[in-house]
2 protein chains.
Amino acid sequence: MKGHFSIGEAARASGVKVPTIRYYEEIGLLPSPPRTEGGRRSYGAEDMRRLAFIRHARELGFEIDAIRTLLQLQDNPNQSCAAADAIARDHLVAVERRIASLTALQAELMRMVEGCSHGHVAGCRVIEILADHGECRHHHGPAETTAGSAPAFADRL
Amino acid sequence: MKGHFSIGEAARASGVKVPTIRYYEEIGLLPSPPRTEGGRRSYGAEDMRRLAFIRHARELGFEIDAIRTLLQLQDNPNQSCAAADAIARDHLVAVERRIASLTALQAELMRMVEGCSHGHVAGCRVIEILADHGECRHHHGPAETTAGSAPAFADRL
DNA sequence: CTAATTCCTCTAGTGACTAGAGGAGCAAGC
DNA sequence: GCTTGCTCCTCTAGTCACTAGAGGAATTAG
């Protein structure tokens with residue numbers, strides 16, 4: 001095993017792009033590595049492990065802040081793992097909600113494209129469904145979100 | 001039917017927040033409405049319809065640029081609706097891909113939280129799975145994405 | 001007439017990067 | 001030694017679709 005890796009090697013090994021690695025350093029997710037004489041970053045095996053951890057967690061959709069917490073937990077393994085469990089559980093719930101609402105969305109989009117007559121825009125089902133909100137089972141509007149202003153758009157569920 | 005609505009009324013009716021409406025105007029998605037003597041925006045019925053259209057399309061996860069195209073199509077209904085159909089179809093494909101990958105993710109997260117021994121971090125399955133990338137069925141790494149650098153993180157699928 | 005609410009413009013911030021400018025280090029070949 | 005080409009450095013600014021807040025003006029209710 002080598003003891004030092006350039007940022008490019010780290011990028012190739014982890015699948016995280018070079019500027020992203022620098023970005024992770026900037027926001028304090030990855031420690032600033034020592035530099036070579038010429039001023040280049042030199043990563044050790046521990047850094048490589050950390051980077052793989054981050055990459056995997058990001059791949060699973062964990063937010064940077066969650067990863068920060070997870071990394072802290074990993075750093076002192078004597079703590080209770082309840083926090084890690086809670087983070088993963090919360091994320092699972094979020095993912096399940098996202099799946100549910102994307103599935104509803106999928107149904108509506110399928111109705112759209114199936115109903116499309118492939119003629120002209122006047123009478124196009126895609127446009128019509130978007131224009132007539134009453135036709136779909138989505139619900140929103142005044143006096144429904146109590147006060148807190150819930151955006152509830154599809155891409156953040 | 002009223003012929004003029006304040007931005008607040010438009011917001012309540014459409015479910016789009018006031019600053020967001022102004023933002024839509026700024027980026028040219030919504031036309032700049034006439035103003036009252038005091039300089040306030042005054043929306044007509046057509047604006048209200050357009051806003052509802054936008055809101056619904058956003059709710060379905062269409063991007064602003066796609067909505068722009070869709071609105072242009074709606075504005076001259078003599079065109080072929082092939083473009084609208086293509087946009088909806090593309091979006092459907094994207095949604096289906098997203099569902100598939102979120103479902104895989106869900107399975108992995110379930111493995112994580114089910115395997116958690118609720119003890120200490122040393123031996124916590126959540127942390128372990130994140131650290132040992134080999135354990136999961138996700139795949140990445142060098143020499144797999146040919147050249148174009150595909151990020152492939154979960155939240156953009 | 002006052003107080004509360006709504007509205008205005010403007011700037012800056014969010015998350016998680018990505019893109020590009022402009023320059024310097026470094027290895028290999030000639 | 002010199003050039004070529006790659007990788008690396010820092011820095012700024014841009015992405016998307018908003019959101020937050022300052023500071024002030026207009027409208028509305030009582």
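From a predicted model like this one, the values you see are computed outputs, not experimental measurements. Residue numbering restarts at 1 for every chain, and letters A, B, ... go by the order of the sequence lines.
- A centroid separation of 6.0 Å or more is found between the aromatic rings of B:Tyr43 and B:His4.
- Of the side-chain N and O atoms in A:Lys17, one or more sit less than 4.0 angstrom from OP1 or OP2 of C:dT18.
- The phosphate of C:dC7 (OP1 or OP2) has a side-chain N or O of B:Ser6 nearer than 4.0 angstrom.
- Nearest-nucleotide positions on DNA chain D for B:Gly39 and B:Glu63 put B:Glu63 closer to the 5' end.
- Taking 4.5 Å as the limit, some side-chain heavy atom of B:His91 sits within range of a side-chain heavy atom of A:Leu105.
- Rounded to an integer number of Å, the gap from A:Tyr23 OH to D:dT10 C1' is 18 Å.
- In this model, the phosphate group of D:dC9 is approached by a side-chain N or O of A:Arg22 to a distance below 4.0 Å at OP1 or OP2.
- Within the nucleic acid shown, A:Ile7 comes within 4.0 Å of sugar-phosphate atoms alone, with no base atom in reach, counting heavy atoms only.
- A straight line from CD1 of B:Ile21 to P of C:dT6 spans 14 Å, rounded to a whole angstrom.
- Using a 4.0 Å cut-off, some side-chain N or O of B:Arg41 falls inside it from OP1 or OP2 of C:dC8.
- At C:dC17, one or more side-chain N or O atoms of A:Tyr24 fall inside 4.0 Å of OP1 or OP2 (strictly under the cut-off).
- Checking the phosphate oxygens (OP1, OP2) of C:dT9, a side-chain nitrogen or oxygen of B:Arg35 falls inside 4.0 Å.
- The separation between A:Arg40 atom CZ and D:dC6 atom C1' is 9 Å, rounded to whole Å.
- Between A:Glu37 and A:Pro19, it is A:Pro19 whose nearest contact on DNA chain C lies nearer the 5' terminus.
- Looking at residues two or more places apart in sequence or on another chain, you find no side-chain contact (heavy atoms from CB on, under 4.5 Å) involving A:Glu26.
- In this structure, the CD1 atom of A:Ile64 is 10 Å from the P atom of C:dG15, given to the nearest Å.
- Applying the 4.0 Å criterion to OP1 and OP2 of D:dC18, one finds that B:Arg58 has a side-chain N or O inside that range.
- A 6.0 Å sphere centred on CD of B:Glu63 holds no more than 12 heavy atoms belonging to other residues, nucleotides or ligands.
- Distance alone, capped at 3.5 Å, is enough to place a donor-acceptor pair between the A:Glu9 side chain and the A:Ser6 backbone.
- Taking only side-chain atoms of A:Thr20, from C-beta outward, the nucleotide of C:dT18, C:dC7, D:dC8 with the closest atom is C:dT18.
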